[in-house]
Student: 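Submitted below is the structure of interest, expressed as structure tokens.
Within every chain, numbering begins at 1; the chains are lettered A, B, ... in the order of the sequence lines, protein sequences first and strands thereafter. Because the structure is predicted, anything quoted here is derived from the model rather than measured.
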Amino acid sequence: MISLVNDLNPIQQKAVLETEGPLLVFAGAGSGKTRVLTYRIAHLIHEKGVSPRNILAVTFTNKAADEMRERVERLLRGSAKGIWISTFHSACARILRQHINHLGFERNFVIYDEEDQERHLKAVMKELDLDFKMFHPRAMQSSIDRLKNEGVTPDQYRPSQFNIFEKRLALVYQRYQEDLRRNNGVDFGDLLLFVTLLFKKIPEVLRSYQNLCQYVMVDEFQDTNLIQYQLIKRLAERHQNICVVGDDDQSIYRWRGAEVGNILNFERDFPGTKVITLEQNYRSTQHILQAANHVVKENRLRKEKILWTENPEGELLTLYVAEDEADEARFVVRKISGHVHRSFPGNPGSAVRPYRDIAVFYRINAQSRAIEEELVKHQIPYTIVGGMKFYERKEIKDILAYLKLIANPSDGISLKRIINHPPRGIGEKTMERITVFSRERSLPLYEGMKEALKEDWLSPGMQEKIEEFILLIEEFRQEAKTLSPGQLTLTLLARTGYLERLKEEGTDEALSRVENIDELVNVLTELERGEEEVSLESFLDKVSLVSDVDLYEDRENRVSLMTLHCAKGLEFPIVLIVGMEEGLLPHYRRGEEMEDLEEERRLCYVGITRAKEKLYLSRAEKRSTFGVGRANLASRFLDELPFELIQVEERERRMERLFSQETSWHDDFSGPRDEIDFPAQENGFSRKEGVVLSPDGFYPLRTGMRVRHPRFGDGRVKSIEGMNEDQKATIVFRTEGPKRLKVRYANLEILE
DNA sequence: AATCGTAGTGTTTTT
DNA sequence: CACTACGATT
């Protein structure tokens with residue numbers, strides 16, 4: 001391998017070669033940050049002879065970690081075994097699996113997600129007889145999270161005596177932690193907090209990790225919170241070879257406890273820190289970059305830097321002012337079609353693009369719906385990143401709850417979740433009684449159940465049912481000793497009758513649940529094929545710690561939809577940012593402080609800088625949030641863009657719009673369409689005064705529309721239920737009164 | 001115990 | 001509008 005660093009610019013080279021001592025790299029968007037990190041690791045191993053096991057690299061998502069590992073392996077041609085590249089949370093989980101016994105937990109602890117956390121919290125609050133209306137569980141939850149992020153344990157927390165919420169919080173926090181311990185479970189925040197506590201309590205453990213971590217690297221440093229920073233600081237203390245890479249302009253997780261201040265403290269905490277700033281951008285056109293620079297320079301709390309590029313000037317940014325969110329969605333579809341199909345009206349001769357080159361960003365998940373509907377109408381394949389996560393689905397969580405209980409019988413939340421799934425005639429009343437019984441004896445729920453049996457405490461009928469359940473779980477626990485997690489899952493699916501019950505149900509929903517469970521089994525077998533041995537615990541850890549982006553598959557040829565938060569770290573040739581409105585971006589529910597506004601601006605900046613070649617921005621003049629329409633003003637961030645960079649797209653005229661729906665854009669595509677099978681669309685429209693709704697196409701019906709029915713005459717749409725084929729509408733006819741019709745067969749004509 | 005229906009309530013972003 | 005929490009019903 002001839003010198004690696006030849007592929008890098010002089011400043012990047014410096015960041016790679018400066019291996020000893022503390023280093024702070026400000027890496028602007030698209031400045032080759034991952035490149036620097038991977039080359040640096042390769043350089044350490046290849047040129048400096050550092051053992052891979054003495055390198056720790058921390059990222060925020062598993063996707064970033066995987067990518068980094070892959071790229072290092074490519075650089076070193078496979079000799080990267082043993083480097084510790086991981087997220088903060090997985091790294092901590094791994095440490096705790098080794099040493100958590102020092103903190104009074106068992107090594108087979110489970111990791112609770114947010115939902116489990118809330119269940120626990122509610123149980124605790126209920127026990128304390130707190131009014132959920134007065135003290136919102138969610139507020140408690142986020143307060144506890146915040147305390148954990150700050151490294152505050154229940155004992156250390158000093159509530160104000162005049163603040164009733166804080167006083168209650170202290171109590172709830174205390175009880176909640178006790179409850180978790182009884183269940184041998186930890187939540188997200190505990191993973192970090194407990195490692196800190198562990199290091200404090202058992203210095204030898206800390207020392208062993210310090211010795212291991214000769215070279216430490218942290219990606220996305222601007223997103224670290226207090227406790228993460230402390231952890232890193234600790235680990236790098238001995239060797240002082242710590243390199244952090246970040247961009248204060250891309251700090252968008254302040255609300256989650258991220259401290260941009262960590263960047264400033266870094267120079268203070270590590271005397272002799274060298275600072276390198278990467279400002280050359282390799283991603284975007286000049287126009288896009290200018291736009292980004294203009295927006296972000298309005299922020300006061302930031303380190304001055306100006307990104308530049310040698311890339312071509314590129315096209316101007318396009319702004320579209322839509323009538324409402326439906327119109328905005330139509331704009332999105334128009335632009336997508338324009339890029340994908342060569343001779344789309346209005347885009348003659350433009351290059352043909354695959355769908356995967358295009359992404360749509362929005363501020364909040366709820367915005368995806370309007371866009372999705374329009375994409376579906378026009379049969380444009382898309383994926384949503386985030387939103388409802390696979391592992392958060394009911395059926396998946398049920399199966400995982402079985403596995404968690406098998407791994408850790410103390411896990412009462414999982415026990416409660418599955419004890420009557422499928423139904424075993426053990427209801428809430430019974431469980432409540434057993435809960436109280438167990439608590440009185442400070443036993444985990446499962447142990448409490450066993451004890452209740454032993455003492456003949458339950459009614460004979462119930463006794464039998466509980467006994468049967470325990471027998472089932474004990475069987476599984478035996479099986480778990482010899483079977484792989486995948487085999488175990490198949491066994492429990494068969495023996496519990498979970499799948500069977502779903503199949504019997506036979507509804508579309510149940511069927512899709514069966515599919516999801518199939519998918520879970522696939523994931524498991526896939527995982528087991530890759531590695532030598534997957535323990536149940538390590539599988540569950542993995543599942544608990546996946547993020548949205550981790551599951552994002554960019555292999556498939558689809559348009560990507562995601563929030564601006566999710567977009568960080570990704571890039572696309574063509575980007576559309578929708579909802580550039582006051583109240584949405586910046587969001588009206590942000591905090592009061594200037595910092596909060598600046599974070600919204602950074603979010604906008606992150607969105608802009610994802611685009612490589614072309615950027616579209618849009619806003620809607622009115623948008624119905626919540627079912628009620630509201631007029632929205634243009635986002636102030638639009639005003640911060642220089643006029644010369646923007647071309648405004650004309651709004652489609654009403655008539656054009658009606659008729660454009662009749663022409664199929666899919667007839668004349670010229671690129672490879674894509675591998676996804678959609679039924680061919682046949683738009684058999686007839687042209688009269690209005691638009692006749694296609695019998696098997698899409699139904700652009702909206703409430704308030706005036707329509708004509710061949711038999712009932714003219715009427716107005718009162719309400720609409722469902723979508724596509726199943727859509728039904730209630731229409732009030734002038735002569736016939738209200739009628740509920742299946743739109744598909746109604747043969748309606750839109751008059752207005 | 002399970003299912004169904006209704007009233008009331010609330011949506012930012014998520015490792 | 002969409003979800004869920006709760007209450008009434010079988």
Student: Once hydrogens and angles are ignored, does a donor-acceptor distance under 3.5 Å link the base of B/dT14 to the side chain of A/H565?
Tutor: no

Student: I want to verify a distance call: between B/dT14, B/dG10, B/dT13, whose nearest atom is closest to the A/I364 side chain?
Tutor: B/dT13

Student: In terms of side-chain heavy atoms of A/R363, which of B/dT13, B/dA2, B/dG10 is nearest?
Tutor: B/dT13

Student: Checking contacts here: which listed nucleotide (C/dA5, B/dA2, B/dT13) is nearest the side-chain heavy atoms of A/P423?
Tutor: B/dA2

Student: At under 4.0 Å between heavy atoms, what does A/N420 touch on the DNA or RNA strands: base, sugar-phosphate, or nothing?
Tutor: sugar-phosphate

Student: Considering only B/dT15, B/dT14, B/dA1, which nucleotide approaches the side chain of A/F188 most closely?
Tutor: B/dT15

Student: When rounded to the nearest 0.5 angstrom, what distance separates OH in A/Y112 from NZ in A/K404?
Tutor: 7.0 Å

Student: Among the nucleotides B/dT13, B/dT15, B/dA2, which one has an atom lying closest to any side-chain atom of A/R256?
Tutor: B/dT15

Student: Between A/E115 and A/Q117, is any side-chain donor less than 3.5 angstrom from a side-chain acceptor?
Tutor: no

Student: Using the six-membered ring for Trp and the full ring for Phe, Tyr or His, decide whether A/W255 stacks on the six-membered base ring of B/dT12 (centres under 5.5 Å, planes under 30°).
Tutor: no

Student: At 4.0 Å (heavy atoms only), tell me whether A/R369 reaches a base, stays on the sugar-phosphate, or touches nothing.
Tutor: sugar-phosphate

Student: Starting at the 5' end of DNA chain B and moving along, which residue's nearest nucleotide shows up first, A/L192 or A/G427?
Tutor: A/G427

Student: Students often get this wrong, so: under 4.0 angstrom with heavy atoms, is A/R424 touching a base, only sugar-phosphate, or nothing?
Tutor: nothing

Student: Side chains of A/Y229 and A/N265 only: does a donor on one sit below 3.5 Å from an acceptor on the other?
Tutor: no

Student: Between B/dT12, B/dT14, B/dA2, which nucleotide has the shortest distance from any of its atoms to the side chain of A/E600?
Tutor: B/dT12

Student: Give the rounded distance in Å between these two atoms: CG of A/L564 and P of B/dT12.
Tutor: 16 Å

Student: Do you know which of A/V559, A/L561, A/L576 makes side chain to side chain contact (heavy atoms under 4.5 Å, CB included) with A/V332?
Tutor: A/L576

Student: Between A/T87 and A/H587, which residue's closest nucleotide on DNA chain B lies nearer the 5′ terminus?
Tutor: A/H587

Student: So, does A/N225 get its side chain near the phosphate of B/dT15, meaning an N or O under 4.0 Å from OP1 or OP2?
Tutor: no

